[in-house]
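Report on one structure; see the data block that follows.
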Amino acid sequence: MAVQIEPIGILYTCFKEKFGIPRQPNLVKKAPGTLVFYPEFAREEAVRELTGFSHVWLIFLFHKAGGSRSGAWSPMVRPPRLGGNKKVGVFASRSPFRPNPIGMSCVALDSVETTGQGPVLHLSGVDILDRTPILDIKPYLPYSDVIPNARDGFADGPPKPGLGVVFSGKAQAQVMEKEKKIPDLKAVITGMLKNDPRPAYTGGGDTGRIYGIRVFDTDVKWRVEDGQAVVISLEKA
Ligand code: SAH
């Protein structure tokens, strides 16, 4: 049975490319998202009473999970949590590479703005790429969705902070200047790097290698020194 599903809107976020995006929601609490509905769904009635909820589930399309093997999926994946060297079943993972590339993230609903083009949702704690198609929104229900003693298998609790994060003198001056326009920039960069976005454990083999992460309008240059992420500079992306 084929199903046809139409996105209801687009989520704009600070994450302009996949590298460095947190691997689950709320790991970077200040990471903002703005949900704009398509005209057909941009109805004030459709979000009535939503502001009573502090958090919502976003159901979305992993629209950039294709790559060169677009459409292909494999029954086993290598979760970053296991260092990228152990496989688990795709249905035991939250990997974007699944038969139906659908993601779900519970994020904070900060406000609902009323605009001439319908309601706009202001969200935070997102783990979602900029311009991701949104399929559905549902309120988070603590009485049912919180399961205090649930087992979490190989995930085994929240990720351990991977890296300390320091800003060079230059990067610190740049981030302070930019924060006049983007108040949470430093918190977002720090949160992204703390989770160690590097693909898999490098065994120290990447000493001196300069990485870039794109966030907001900025290309953040950083490298790892003595187990710390050192932010070198912020450049115009
Ligand atoms: N919380 C969701 C997503 C977990 S995977 C879920 O459990 O379903 C999170 C990763 O998905 C991010 O690190 C990012 O690399 C990737 N991602 C986010 N948005 C994406 C998109 N639109 N297309 C492809 N990959 C995306």
Side-chain angles (χ1 to χ4, degrees), residues 5-36 38 55-74 76-84 87-109 121 123-140 145-147 150 152-159 161-163 188-200 211-216 220 229:
I5 280 186
E6 200 186 329
I8 56 165
I10 295 279
L11 185 74
Y12 298 90
T13 79
C14 59
F15 302 123
K16 311 297 174 189
E17 62 178 27
K18 282 193 276 177
F19 182 54
I21 302 182
R23 287 168 180 144
Q24 283 305 335
N26 303 307
L27 291 174
V28 179
K29 293 236 182 310
K30 299 276 189 192
T34 305
L35 200 164
V36 178
Y38 286 129
H55 292 76
V56 292
W57 285 104
L58 297 180
I59 313 297
F60 60 96
L61 198 64
F62 286 118
H63 71 309
K64 297 286 182 186
S68 53
R69 302 194 315 125
S70 185
W73 67 280
S74 116
M76 296 194 80
V77 297
R78 297 170 192 274
R81 186 55 91 87
L82 298 173
K87 287 186 174 181
V88 304
V90 66
F91 299 128
S93 87
R94 303 287 283 259
S95 164
F97 303 96
R98 26 199 343 113
N100 293 313
I102 290 175
M104 46 183 270
S105 296
C106 179
V107 300
L109 174 64
L121 307 192
L123 307 156
S124 56
V126 304
D127 58 344
I128 304 174
L129 189 63
D130 189 32
R131 296 171 187 269
T132 287
I134 301 299
L135 304 176
D136 205 357
I137 302 161
K138 303 192 191 199
Y140 175 72
D145 292 347
V146 177
I147 302 173
D152 58 355
F154 66 85
D156 199 21
L163 296 170
V188 172
I189 296 172
T190 303
M192 291 172 81
L193 297 184
K194 190 180 74 188
N195 292 319
D196 195 353
R198 291 176 296 170
Y211 292 97
I213 51 169
R214 278 198 58 202
V215 60
F216 295 100
V220 180

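Numbering of ligands and ligand atoms starts at 1, following listing order.
Screening Val107, Leu35, Thr34, Asn26 for a side chain to side chain contact (heavy atoms under 4.5 Å, CB included) involving Val126 leaves a single residue, Val107.
Listed by number with element, the atoms of ligand 1 under 4.0 Å from a non-hydrogen atom of Gly103 are 8 (O). Close approach of ligand 1 to Leu61 is summarised as follows: ligand atoms under 4.0 Å from at least one heavy atom of the residue are 22 (N). For ligand 1, the atoms closer than 4.0 angstrom to any heavy atom of Ala65 are 23 (N), 24 (C). Residue Lys18 has at least one heavy-atom neighbour below 4.0 Å for each of these atoms of ligand 1: 15 (O), 24 (C), 25 (N).
Judged by distance alone, with hydrogens and angles left aside, the side-chain atoms of Asp130 form a donor-acceptor pair with the main-chain N or O of Thr13 at under 3.5 Å. Listed for the Asp196 side chain is a donor-acceptor partner under 3.5 Å among the backbone atoms of Arg198. The backbone N or O of Gly84 lies less than 3.5 Å from no partner atom in the side chain of Lys87, so there is not a single donor-acceptor pair. With hydrogens and angles ignored, the 3.5 Å screen pairs no side-chain donor or acceptor of Ser105 with any backbone N or O of Pro25.
Looking only at heavy atoms of the protein, atom 26 (C) of ligand 1 is closest to Phe62 CD2, 3.6 Å. In this structure, the protein non-hydrogen atom closest to atom 23 (N) of ligand 1 is Lys64 N, 3.0 Å. Nearest protein neighbour of atom 16 (C) of ligand 1, counting heavy atoms only, is Pro96 CG, 4.0 Å. Looking from atom 3 (C) of ligand 1 to the surrounding protein, the closest heavy atom is Asp127 OD2, 3.4 Å. The shortest contact between atom 9 (C) of ligand 1 and any protein heavy atom is with Arg23 O, 3.7 Å.
In this structure, CD1 in Ile134 is found 4.5 Å from CG in Leu11, a value given to the nearest 0.5 Å.
Between Val215 and Met192, the shortest heavy-atom distance links the atoms CG2-SD, 3.9 Å.
Under the 4.5 Å side-chain criterion, counting only non-hydrogen atoms from C-beta, Phe91 is in contact with Pro99. Taking the side chain as every heavy atom from C-beta outward, Val88 and Val77 approach each other to under 4.5 Å.
Note: an N/O pair closer than 3.5 Å links Leu129 and ligand 1 by distance alone. Annotation: Pro25 places no N or O atom under 3.5 Å from an N or O atom of ligand 1; distance criterion only.
For Pro22, the heavy-atom gap to ligand 1 drops under 4.0 angstrom.
Atom 2 (C) of ligand 1 has its nearest heavy-atom neighbour, among Arg94, Arg131, Met104, in Met104.
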